[in-house]
Amino acid sequence: MQEISGKRRRTAVWLLSLPLLGPFTASRARITGHDVDVDEAVATAAASFMADARAVGLSVGVIHAGKTSSYHFGTVSKHRRSLANDRTIYPIASLTKTFTGTLLAQAQYEGKLKLDDDIRKYLDEDYPNLAFEQKPILVKHLVNHVSGLPGLLPDKREAAPSFQSDTPYPERLHKLVATSTRADFYADLHRVKLTAPPGTRFRYSNAGAQLAGYILERLYGVGFEMLVQQRIAAPLGMRDTFITPNTEQKSRLVDGYDETGRPQPYFPEQSQAAGALKSSLPDMLAYARWHMAEHDPAIRLSHQPMDRDGDYTAGLNWQLLRKDADRVVFQDGSHPGFACLMVLYPERGHAIVLLSNEIDSGTMGRLRVLANGITTALYADALTVP
């Protein structure tokens, strides 16, 4: 596009953005990007995402060619039909686990622990059950889902989505987590029965990340939220990244919805290092830029494959994909009402952050299509997120 009076012409991008509001035509899409090519790529990809009748709101952040751009579509609530902005706050679900992995990497560099340590070194009681055939769970196993720990502690039948009950799954899950104390967690940890050597089988585990958070709290003598504030958020200028919001921050939280449009409660803060953080788009872009740059040795360590070889591997709760000289580092997150995705291309200086306040059976796939659509519009030869 040509430039007019030293400024890029924005009309075509604005027109593309108007249909992205889905059923809420009273809102208007705000675009604060800096690059017309990025604007067009985001507008096109977001239009497809928001065309789904179940979509409610979407915030998109892109780092490209040294510039950071923010885009907001849809609405923050079905009852407050206003557009999200850079002050809007979303739960980031399992993207929290990447903070946990980063803190563990920092702890290794500071000599607080070793990622290859037996986790029982950092537990107060005796846990002979946390080894299989004399092979123990290692610290790194807690954040790449090969520990063998269950998905959730307490490990109860009603924690399974397939469990037959009159109570919807999100409500059952919420109650299980909200009513479980730290003492309950450690009592349940004694009951875990491993069925294979740790490090050999993938089993998604929120319990593993939660235990990693408890270990970090023991090492540093402060709570997980404070660790995030002191060691990541404050140094990066992330003022809206937290577990427990203050009164002013509560007013900026989005509402989340399931596929039927039913409001969903925020996930319990007891999920801690597994998925309790909340953040804004600018904060997540600052975090993405820090990770993408890989200047910090702890960041580089968190992006290193931990247990598996091949093109697709896992780091400290980052998924890693490499082909020849190209590499993509990514992670997503979801819990009832919300979905998010972060995608990093360290060699290209390119990153994408996606935040949504609706989740259904197709949301996570649509977020990946959205991210890949933006990236391939800018880099036709780039690896895409599977």
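Keep in mind the model is a prediction, meaning the values are calculated, not measured. The analysis underlying the following values was restricted to heavy atoms, covering all of them including side chains, and did not include hydrogens, waters or symmetry mates.
Under the side-chain contact (heavy atoms from CB on, under 4.5 Å) criterion, Q230 pairs with V222, M226, sequence neighbours left out.
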- Working for salt bridge (charged side-chain N to carboxylate O under 4.0 Å, His left out), residues R366 and D360: CA-CA 10 Å; R366 298 201 325 272; D360 55 69; 3.4 Å; yes

- Query: Would D258 and R54 count as a salt bridge (charged side-chain N to carboxylate O under 4.0 Å, His left out) if you check the C-alpha gap in whole Å, the side-chain angles of each, and the deciding distance to 0.1 Å?
  - Reply: CA-CA 8 Å; D258 67 9; R54 296 167 294 187; over 6 Å; no

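In this structure, CG on L383 lies 8.5 Å from CG on D324, to the nearest 0.5 angstrom. Atom CG of L130 is separated from atom CD1 of I137 by 4.5 Å, given to the nearest 0.5 angstrom. Of the inter-residue distances, the one linking D188 atom CG with L149 atom CG reads 11.5 Å to the nearest 0.5 angstrom. Here CG of D255 is found 13.0 Å from CD of E358. Values are rounded to the nearest 0.5 Å. We find the CG-CE distance between L138 and M306 to be 11.5 Å, quoted to the nearest 0.5 Å. Once rounded to the nearest 0.5 Å, the distance linking CG of L344 with CD1 of I299 reads 9.5 Å.
Every pair passing side chain to side chain donor-acceptor pair (under 3.5 Å) that includes a residue from residues 374-383 is listed here, sequence neighbours excluded: H64-Y379, R348-D381, H350-T375.
In terms of heavy-atom proximity, A107 sits nearest to L216 at CB-CD2, 4.4 Å. Of all the heavy atoms in Y109 and L301, the pair that sits closest is CE1-CD2, 3.8 Å. Across all their heavy atoms, S279 and I92 have their closest contact at CB-CG2, 4.0 Å. Across D118 and P136, no two heavy atoms sit closer than the pair OD2-CB, 3.2 Å. When all heavy atoms of P386 and L321 are compared, the closest pair comes out as CD-CD2, 4.0 Å.
A salt bridge is absent between R300 and E294: the closest approach of a Lys/Arg side-chain nitrogen to an acidic carboxylate oxygen does not fall below 4.0 angstrom. No salt bridge links K278 with E225; every basic N to acidic carboxylate O contact stays at or beyond 4.0 Å. A salt bridge is absent between D155 and R191: the closest approach of a Lys/Arg side-chain nitrogen to an acidic carboxylate oxygen does not fall below 4.0 angstrom. A salt bridge is absent between D283 and R87: the closest approach of a Lys/Arg side-chain nitrogen to an acidic carboxylate oxygen does not fall below 4.0 angstrom.
Side-chain N/O atoms of Q264 and H335 include no donor and acceptor closer than 3.5 Å. For the residue pair T98/Y287, the side-chain donor-acceptor check at 3.5 Å is satisfied. Checked by atom type, the side-chain pair H145/N317 shows a donor-acceptor distance below 3.5 Å. A donor-acceptor pair shorter than 3.5 Å can be found between the side chains of R289 and T68. Judged by distance alone, the side chains of S59 and Y90 do bring a donor and an acceptor atom under 3.5 Å apart. Side chains of D39 and Y71: a donor on one and an acceptor on the other come within 3.5 Å. A donor-acceptor pair shorter than 3.5 Å cannot be found between the side chains of S94 and Q331.
Taking 4.5 Å as the limit, every side-chain heavy atom of L355 sits out of range of all side-chain heavy atoms of L58. Counting only heavy atoms from C-beta outward, the side chains of S69 and V42 never approach each other to under 4.5 Å. You'll find the side chain of L194 stays beyond 4.5 Å of the side chain of N129, heavy atoms only. You'll find the side chain of Y122 reaches within 4.5 Å of the side chain of D117, heavy atoms only. With contacts defined as side-chain heavy-atom distances shorter than 4.5 Å, the pair D86/H72 qualifies. Within the 4.5 Å cutoff, no side-chain heavy atoms of Q270 are placed close to those of S180. The side-chain heavy atoms of F185 and Y214, taken from C-beta on, include a pair separated by under 4.5 Å. By the 4.5 Å heavy-atom criterion applied to side chains, L277 and L95 are not counted as neighbours.
Between the side chain of T241 and the main chain of M238, no donor-acceptor pair closer than 3.5 Å is present. Checked by atom type and distance alone, the side chain of S271 pairs as donor or acceptor with a backbone atom of P268 at under 3.5 Å. Using a distance-only test at 3.5 Å, with no hydrogens or angles considered, no donor-acceptor pair links the side chain of T100 to the main chain of A209.
Not less than 6.0 angstrom separates the ring centroid of F338 from the ring centroid of F267. Checked against the 6.0 Å centroid threshold, W290 and H295 do not count as a close aromatic pair.
Figure legend: cation-pi geometry between R120 and Y127 absent, as NZ or CZ is not positioned both under 6.0 Å from the six-membered ring centre and within 45° of its axis. Annotation: cation-pi pair K112/Y220 present, NZ/CZ under 6.0 Å from the ring centroid and within 45° of its normal.
The number of heavy-atom neighbours closer than 6.0 Å to CZ of R201, taken from other residues, nucleotides and ligands shown, is 12 or below.
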